[in-house]
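Some notes on the structure that comes next.
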Amino acid sequence: MSQEPTAVRVLVVDDQQLIRDGIAALLSIRPGITVVGTAVNGREAVEKAVELAPDVVLMDVRMPELDGVEAVAVLRGRAPECRVVMLTTFDDEEYVVQALRAGASGYLLKDLPAEELAHAIRLAHSGVTQLDSSVAARLAAALPHPAPEPSAAAPGLSPREIDILRLVARGRTNREIAAQLYLSEGTVKNHVSRILSRLALRDRTQAALRARDLGLL
């Protein structure tokens with residue numbers, strides 16, 4: 001008999017009690033997710049993440065005492081195994097860049113449906129960066145124009161790999177990229193691995209940042 005997959009353990013962090021409790025309640029009824037606790041600010045988030053060892057921390061951006069971006073940076077050192085997904089009402093590109101540079105595994109807005117949030121949490125746990133579509137659009141709009149030619153911006157990458165890097169930066173999963181480019185999921189996975197290796201990047205979050213810096217969005 002096959003075993004059920006282990007539920008993703010989630011810590012919900014938001015300084016507004018109604019939102020915090022509402023998110024926790026919505027997630028707790030989703031299959032494959034267990035809410036292990038809540039926190040009211042970044043400082044408490046760090047303390048509870050160390051104590052409870054969640055797989056994913058769902059983190060607001062603006063909070064008292066220690067904001068979400070600062071908390072992400074602290075968690076990188078104190079709880080490096082947990083993934084942090086920012087969940088906020090602010091889609092300002094500076095917040096997005098700061099959060100991703102600090103080590104966040106995604107940046108989502110609070111108006112998304114509960115099932116999509118649950119799906120994003122599962123993907124973050126598996127190592128896939130999630131960017132809200134409007135957030136990705138704002139990042140692209142914030143880039144200087146004209147953008148450099150892809151061959152100059154990303155030397156060593158083929159045109160196909162540049163296309164895949166763009167889609168990775170927009171938060172697409174390997175499956176979504178495969179469907180859009182008419183490739184197998186395994187082929188996309190191999191391309192992503194080569195992109196990370198050739199650009200000396202650690203993960204998809206760094207790939208998204210590099211794509212933005214190079215003007216590929």
Side-chain angles (χ1 to χ4, degrees), residues 1-42 44-61 63 68-69 71-88 96 99-100 102-133 135-136 168 170-178 185 188-189 192 196 202-208:
M1 180 182 295
S2 62
Q3 294 184 340
E4 291 293 325
T6 304
V8 180
R9 295 165 51 83
V10 178
L11 175 67
V12 179
V13 186
D14 198 293
D15 63 326
Q16 298 184 45
Q17 182 176 357
L18 183 62
I19 294 177
R20 182 175 66 249
D21 292 347
I23 292 171
L26 286 172
L27 291 176
S28 65
I29 62 175
R30 300 291 164 179
I33 291 180
T34 298
V35 177
V36 297
T38 63
V40 301
N41 56 51
E44 187 178 12
V46 172
E47 295 171 356
K48 289 200 172 182
V50 172
E51 174 190 355
L52 301 172
D55 300 308
V56 176
V57 178
L58 202 59
M59 184 88 72
D60 193 13
V61 173
M63 293 181 293
V69 173
V72 173
V74 176
L75 283 172
R76 283 285 301 275
R78 297 195 61 188
E81 299 84 6
C82 79
R83 309 273 183 173
V84 181
V85 174
M86 313 307 291
L87 182 66
T88 179
V96 181
L100 294 178
S105 295
Y107 197 104
L108 304 172
L109 301 182
K110 287 179 179 176
D111 59 355
L112 82 169
E115 185 53 47
E116 290 185 22
L117 177 59
H119 182 58
I121 289 171
R122 297 185 195 102
L123 288 176
H125 179 47
S126 67
V128 178
T129 299
Q130 293 290 288
L131 291 179
D132 188 276
S133 58
V135 166
V168 168
R170 290 168 181 159
R172 303 293 193 273
T173 66
N174 287 351
R175 179 173 298 179
E176 290 168 338
I177 294 171
E185 193 170 348
V188 172
K189 183 178 180 181
V192 171
L196 296 179
R202 184 181 65 248
D203 53 29
R204 296 170 80 103
T205 300
Q206 287 194 344

Inset, instruction - Please step through side-chain contact (heavy atoms from CB on, under 4.5 Å) for the pair E44 and N41, ending with a clear verdict. - result: CA-CA 6 Å; E44 187 178 12; N41 56 51; 3.6 Å; yes
Give, for atom [atom1] of [X] and atom [atom2] of [Y], the distance between the pair rounded to the nearest 0.5 Å.
X    : Y    : atom1 : atom2 : value
R170 : I177 : CZ    : CD1   : 10.5 Å
M63  : T88  : CE    : OG1   : 9.5 Å
T38  : I19  : OG1   : CD1   : 13.5 Å
D55  : S126 : CG    : OG    : 11.5 Å

Inset, instruction - Would you check, one step at a time, whether the test side-chain contact (heavy atoms from CB on, under 4.5 Å) holds for L58 with L27? - result: CA-CA 11 Å; L58 202 59; L27 291 176; 3.9 Å; yes
Please name the pair of heavy atoms, one in [X] and one in [Y], separated by the smallest distance, quoted to 0.1 Å.
X    : Y    : value
L100 : G106 : CD2-N, 4.4 Å
M86  : A99  : CG-CB, 3.7 Å
L196 : D203 : CD2-O, 3.5 Å
R204 : N174 : NH1-OD1, 2.8 Å
R78  : V46  : NH1-CG1, 3.6 Å
C82  : V57  : SG-CG2, 4.0 Å

Inset, instruction - For residues L11 and V13, determine if any side-chain heavy atom of one lies less than 4.5 Å from a side-chain heavy atom of the other. - result: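 Side-chain contact under 4.5 Å: yes.
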Inset, instruction - Dump the intermediate steps for side-chain contact (heavy atoms from CB on, under 4.5 Å) on I23 and L117, then the final yes or no. - result: CA-CA 10 Å; I23 292 171; L117 177 59; 4.3 Å; yes
Legend entry - Heavy-atom donor-acceptor pair, E176 side chain to R172 backbone, under 3.5 Å: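 Answer holds: no.
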Inset, instruction - Give a yes or no answer on whether the side chain of R175 reaches the backbone of T173 with a donor-acceptor pair at less than 3.5 Å. - result: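 No: the side chain of R175 does not pair with the backbone of T173.
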Inset, instruction - May I have the step-by-step check of salt bridge (charged side-chain N to carboxylate O under 4.0 Å, His left out) for R122 and E115, ending in yes or no? - result: CA-CA 11 Å; R122 297 185 195 102; E115 185 53 47; 3.6 Å; yes
Legend entry - Sidechain N-carboxylate O distance under 4.0 Å for R30, E116: no
Legend entry - Worked check of salt bridge (charged side-chain N to carboxylate O under 4.0 Å, His left out) between K110 and D60: CA-CA 9 Å; K110 287 179 179 176; D60 193 13; 3.8 Å; yes
Legend entry - CA sep, side-chain torsions, deciding dist, call: H125, I121, side-chain contact (heavy atoms from CB on, under 4.5 Å): CA-CA 6 Å; H125 179 47; I121 289 171; 5.7 Å; no
